[in-house]
2 protein chains.
Amino acid sequence: MSSTASYRGRGRPRAFAEDEALDRAIRVFWEHGYEGASLSDLTAAMGINKPSLYIVFGSKEELFKRAVARYRDTYVAYAAGTLEEPTAYAVIESYLRAAVDALTGSDHPPGCLTIQGGLSCAPSNSGISEHLAGFRAVFEGELAQRLARAEKEGDLAPGTDTAALARFVVTLGQGLAVHAAAGAGREDLQAAVDVALRAVAAYLPSGSPVTPAAETAEA
Amino acid sequence: MSSTASYRGRGRPRAFAEDEALDRAIRVFWEHGYEGASLSDLTAAMGINKPSLYIVFGSKEELFKRAVARYRDTYVAYAAGTLEEPTAYAVIESYLRAAVDALTGSDHPPGCLTIQGGLSCAPSNSGISEHLAGFRAVFEGELAQRLARAEKEGDLAPGTDTAALARFVVTLGQGLAVHAAAGAGREDLQAAVDVALRAVAAYLPSGSPVTPAAETAEA
DNA sequence: CCACATTGCAACCGATCGGTACAGAACCTG
DNA sequence: CAGGTTCTGTACCGATCGGTTGCAATGTGG
């Protein structure tokens, strides 16, 4: 929206598309992290120069936050969709499967921007790692709520520690991201997800509506 | 060993203990990562100045690798011990429990140096992230070998994908490290381990020699 | 007590960091 | 086409980066 809204019809028109420049910045931050991505790297990849970057995005930190927000709306958009699955097991399965696919996709850097972006930073950049940590916590909260609902609806065994189950799932997801960033392949990670789903199956109620045993066969 | 071996009895004696300086460097790298830790930060924490650092450790990169090696021999020494446990389940349980305790210990930074140290770096520092990735892969290999032995010895169900099981365990461990770095508490992470152990229990042979159900009660 | 080996420290090195000032190019309105 | 407005590109800013030099300080062996 803001890419054209700021153009009021007067003056020299902008020579680049803001969203595309942001997409390219995402890649650089994704590959090298916040501190590993210099302004020179960024402007070279974005095809603009530093004054333009400064005018449009304000600062390197604001550019990064804009990049993370756009990253969420594009590369991580699948996550919200998985919460719509009908059962807790289906939610977790589809999330982990989709996460592996997203983390190992061939048309972008491996891993996850919200982890590689800045797990730990210089003292002056501590806001970056905190921003990312808060960002990651949001989905864990949403998943925990979804699983609590599932427990009430009866597709998780009564008394299940849904917060712990959600934390397990996102923790595994973050581990998958670390592994993917180090070069692990899709099949290897899906096999690890197979194991994790065995744990989830243990929390299904007695008359389990799904047949989780089918998962191990497809991989 | 090398802290005193270079002293040949002639000349001014060194005013600092090499291992203690290394311990302090570990903390700085642990908190801020390789790129987030400047030489000024390091020398200030180590209590030495730059020429001394350069003479003893060669460069920032060599200092980091020395720090990682010492980190392994001290803070991660517990991991090798867990492989000595008698059964696959005991190995995995003791490893994950000990990992959570190590990741959330109060007398050092939270998380794991081998992940926060440099998950992704500037292009000129790509050797750092590769070094750490290779370092992490070592334990996964050792655990996979240990679990393969367990499958032969009969305390894992025949036909178990031991490589996938090992990958699941270390992947979860890495996720725990990310979570711990973001401030997660010990109990929260142990609850996630409770869930994970349910998955492991699914791979035990029919007449399971251990009673994994006891785990959920103690937390 | 002297010659020598080694360390500690301050000051400095070129390069690069994130961020800007300024001048000219490109567009709209009138 | 003139006037106003906005963007682009170059060249530059102080600060800091990792790394190094030269020298005074401090110790040992003869």
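Residue numbering restarts at 1 for every chain, and letters A, B, ... go by the order of the sequence lines. Given the structure is predicted, the values throughout are model-derived calculations rather than measurements.
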Quick one, give me the B/S/- string for nucleotides 10-18 of chain D, reading 5' to 3', where B means a protein heavy atom under 4.0 Å from the base and S means that only happens at the primed atoms, P, OP1 or OP2. B------SS

CD of A:Glu61 versus P of C:dG18: gap in Å, rounded? 13 Å

Distance, rounded to the nearest Å, where B:Ile48 contributes CD1 and D:dA25 contributes P: 21 Å

When rounded to whole Å, the CE to C1' distance for the pair A:Met46 and D:dG9 reads 16 Å

Any side-chain to backbone donor/acceptor pair from A:Trp30 onto A:Ala25? Under 3.5 Å, distance only. no

Would you kindly give the CD1-to-P distance between B:Ile55 and C:dT6, to the nearest whole Å? 10 Å

Kindly say whether B:Ile128 contributes a backbone atom to a donor-acceptor pair with the side chain of B:Asn125 at under 3.5 angstrom? no

Between D:dT6 atom C1' and A:Arg14 atom CZ, what is the distance in whole Å? 9 Å

For B:Leu53 and D:dT20, what is the distance between atoms CG and C1' respectively, to the nearest whole Å? 13 Å

Answer yes or no for A:Arg198 and B:Tyr203: cation-pi contact, defined as NZ/CZ to six-membered ring centre under 6.0 Å and angle to ring axis within 45°. yes

Whether A:Tyr54 contacts C:dT20 is assessed here as follows: a side-chain N or O lying under 4.0 Å from the phosphate OP1 or OP2. Is that the case? yes

Which pairs count as salt bridge (Lys or Arg N to Asp or Glu O under 4.0 Å) when at least one residue sits in residues 125-144 of chain B, sequence neighbours excluded? B:Glu140-B:Arg167

Geometric cation-pi criterion B:Arg66 and B:Phe57, 6.0 Å radius, 45° cone: no

Are B:Ser52 and C:dT7 close enough that a side-chain N or O sits under 4.0 Å from OP1 or OP2? no

Look at the side chain of B:Arg12 and the base of C:dA5, then say whether one donor and one acceptor between them are separated by less than 3.5 Å. no

Atom OG in A:Ser129, atom CG in A:Leu132: separation rounded to 0.5 Å? 7.0 Å

Categorize A:Phe16 for me: base, sugar-phosphate, or nothing, with a 4.0 angstrom heavy-atom threshold over every strand shown. sugar-phosphate

